[in-house]
Protein chains: 2
Amino acid sequence: MSTDQHDPTPRTAPARPAAADLPIPSVWTRPRRSRREQPALSREQIVSAALDLLDTDGLEALSMRKLGARLNAGATSMYTHVSTKDELIELVVDEVYGEIGVPAADDPAGWREAAARSAHGLRTTILRHPWLAPVLGGLGLTQLGPNAMRLSEGLLALFRAAGLPSDEADLAVSTLSAYVIGMSSSEAAWLTTVARSGRTEREWFQGLWPTAEEAVGEHPQLHAQYTSLRDRDPREARDEKFAYGLRRVLDGLATRITDGAGGTDGAGGTDGTTAGA
Amino acid sequence: MSTDQHDPTPRTAPARPAAADLPIPSVWTRPRRSRREQPALSREQIVSAALDLLDTDGLEALSMRKLGARLNAGATSMYTHVSTKDELIELVVDEVYGEIGVPAADDPAGWREAAARSAHGLRTTILRHPWLAPVLGGLGLTQLGPNAMRLSEGLLALFRAAGLPSDEADLAVSTLSAYVIGMSSSEAAWLTTVARSGRTEREWFQGLWPTAEEAVGEHPQLHAQYTSLRDRDPREARDEKFAYGLRRVLDGLATRITDGAGGTDGAGGTDGTTAGA
DNA sequence: CGGCGACACCGAACACTGTACGGAGCTCCG
DNA sequence: CGGAGCTCCGTACAGTGTTCGGTGTCGCCG
């Protein structure tokens, strides 16, 4: 082959020795391979390196300089492929959206299982990349990346196939996503603080106990809740909590699907309009 | 009176004119009032100034230096009252939690309206302080601040009074909160980007339209959804979307309350365990 | 009443951050 | 052979959070 595109040595060799003392620039010390036929830095490369950095070191560890270093590139070289750090993060977010399988819309009767599968998929993705939690909070559900769109489209189709009219399918997707993102982000935040402490989830919880017990003060319900959590496997408790809420959300959606649909929604009382204080 | 504790002049007067030209330091130009009996800087003061800054200029505008300037104090003076910027933010978050009314647990039959009221309260608080969205993503639901605890306790009591056992009341509260936070954060994120553009919500949406139409590409459901949103009042659409999801969540919780409770949960199929891809 | 420890405040400094800009090296097209 | 155009990068700027040493002032104790 004529291309040596994965050359292990840094591309620009010894940087720049000011002006003098450089060891005779010969053909051999010169960097090889053109820049044109293999630009050495690509958007995908940058995005995947950023993802790596985020997953291993967390959100605040991602800096353009560190990212550049990891790619044997200068700090500002990224800006020819990505216009801003925020844009880069949006790209990375869509990248991880790609991990979530798109549900199949066949079998209308199986909508519930399919929706549950997507929900769990979204959750595991968030837990695998906990830095998503604050980022999603700043980005919202309305994503324009191709992978996010594929997923939305699939969910939309799923609820359409289950019998909802198109407007309501949108509402249903948002409801489900909001729940999953809300719950999973909270878990991710918890896991992040635990991880930062270097302790296990259980150790951290028990270390927190004295503080919590005092803070819980005169609140009997909270106290009961905390004590009952004390001797449970935290991870199992989280799994169960997520599953419970998911069942409730799906139950709520089911009232609009399995019943004679096309009703005026209703079901509740005046939930819709009463503003809270 | 001997104390002039709310002196309108800045405490450190004209900052510092280098070395010369200062107008003869006499007894009269000296700052009055002791530091001991009115420390001039208090935690509450700092927190409320920070809240102000956050509400008017957004999350990234909050810096210790700007905060200090607003309080006529040096940048690092905050650190005697607050150990870290993150801690400060936690305090501000609990402060805004205080805006949300705690539900009353009397009248078990009215649980649904009460829960809906709390949900709307949480939502309006998040929309009033949109910087909460990314912050909550990094903090999770488990808050130890007094106001957050008051609210949790109230919600817990509400579901207990409605007939749920204590473990399940916790699950119900989490479900509801996750939905509300997920949905409202998404709205807040949207509003933040809109606000940054200086346009109205409608203008921004219509300006986005060409891009969106292209990005939507081959996805028919998404296309339909976007076009149907095109001629609606965005704010009304958001309100309706939130209300719809809230009804669904409350419907789902209702299956565990108004029915013969104490069942084995069930209702769905295998929602609980199937992991997603 | 004098001294002293505690305390609130602050200026300077450190190690970083995102990014604008100008220039260097390169390749391809005319 | 001369640009045009592109990628890459060093430098620089205007910030950031936080540490540290110092300074002035207070209440308290002897």
Side-chain angles (χ1 to χ4, degrees), chain A residues 2-3 5 7 10-19 22 25 27 29-46 49-50 53 57-90, chain B residues 2-3 5 10-19 25 27 30-46 50 53 57-90:
Chain A
S2 59
T3 72
Q5 64 170 87
D7 187 342
R11 291 192 335 289
T12 333
R16 185 158 318 242
L22 62 168
V27 213
T29 63
R30 229 190 323 162
R32 297 280 267 103
R33 246 353 36 217
S34 94
R35 208 184 313 255
R36 230 354 162 269
E37 45 180 300
Q38 189 57 250
L41 220 51
S42 71
R43 183 177 269 211
E44 297 94 56
Q45 220 180 120
I46 294 178
L53 212 48
D57 294 334
L59 183 57
E60 62 280 4
L62 175 64
S63 83
M64 298 310 258
R65 277 175 252 260
K66 288 204 196 93
L67 186 53
R70 171 163 303 212
L71 290 164
N72 287 118
T76 63
S77 303
M78 260 73 66
Y79 285 90
T80 48
H81 303 269
V82 144
S83 74
T84 222
K85 192 192 179 187
D86 286 355
E87 186 184 296
L88 169 61
I89 290 186
E90 271 179 74
Chain B
S2 61
T3 71
Q5 64 171 87
R11 291 194 336 289
T12 333
R16 185 151 319 239
V27 212
R30 230 190 322 161
R32 299 278 266 102
R33 248 348 38 218
S34 92
R35 206 185 318 252
R36 232 351 165 268
E37 46 180 299
Q38 190 55 253
L41 220 51
S42 72
R43 183 175 270 212
E44 298 95 54
Q45 220 180 121
I46 294 178
L53 214 48
D57 294 333
L59 182 57
E60 63 279 4
L62 175 65
S63 83
M64 300 309 259
R65 277 175 254 259
K66 288 203 196 95
L67 185 54
R70 169 163 304 212
L71 291 164
N72 287 117
T76 63
S77 303
M78 260 73 68
Y79 285 90
T80 47
H81 303 269
V82 143
S83 74
T84 223
K85 191 193 179 186
D86 286 355
E87 186 185 296
L88 169 60
I89 289 185
E90 271 180 76

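The basis for the numbers below is simple: all heavy atoms, side chains too, and nothing from hydrogens, waters or symmetry mates. A note on names: the letters A, B, ... follow the listed sequences, proteins ahead of strands, and every chain is numbered from 1.
Straight-line distance from the NZ atom of K66(B) to the C1' atom of dG17(D): 13 Å, rounded to whole Å. If you measure from atom CG of L59(A) to atom C1' of dG18(C), you get 14 Å, rounded to the nearest angstrom. Rounded to a whole Å, the OH atom of Y79(A) is 17 Å from the P atom of dT7(D). What separates CG of D86(B) from C1' of dT16(D) is a distance of 13 Å, to the nearest Å. With rounding to whole Å, K85(A) atom NZ is found 8 Å from dG18(C) atom C1'. The CG atom of L53(B) sits 11 Å away from the P atom of dG17(D) (whole-angstrom rounding). We find that CE of M78(B) is positioned 15 Å from C1' of dT19(D), with the value rounded to whole Å. A straight line from NE2 of H81(B) to P of dA8(C) spans 6 Å, rounded to a whole angstrom.
Among the heavy atoms of the strands, none lies under 4.0 Å from L88(A). Using a 4.0 Å heavy-atom criterion, one finds that L67(B) contacts no nucleic acid atom at all. Nucleic acid contact class of S63(A) (heavy atoms, under 4.0 Å, all strands): sugar-phosphate only.
No hydrogens or angles were tested; on distance alone, a donor-acceptor pair under 3.5 Å links the side chain of T76(A) to the base of dG10(D). With hydrogens and angles ignored, a donor-acceptor pair closer than 3.5 Å exists between the side chain of R65(A) and the base of dG18(C).
Within the model, atoms CG of L88(A) and CE of M64(A) stand 5.5 Å from one another, a figure rounded to the nearest 0.5 Å. Distance check: M78(A) CE to Q45(A) CD gives 11.0 Å after rounding to the nearest 0.5 Å. Here the CG-OG distance, from L53(A) to S63(A), works out to 7.5 Å after rounding to the nearest 0.5 Å.
Proximity of T84(A) to the phosphate of dT19(C): a side-chain N or O atom is located under 4.0 Å from OP1 or OP2.
Judged by closest nucleotide on DNA chain C, A75(B) is the one of E60(A) and A75(B) placed further toward the 5' end.
Within the 4.5 Å cutoff, the side chain of D57(B) has no heavy atoms near those of the L62(B) side chain.
Checking I46(A), T80(A), N72(A) one by one against L41(A), the side-chain contact (heavy atoms from CB on, under 4.5 Å) holds for a single residue, I46(A).
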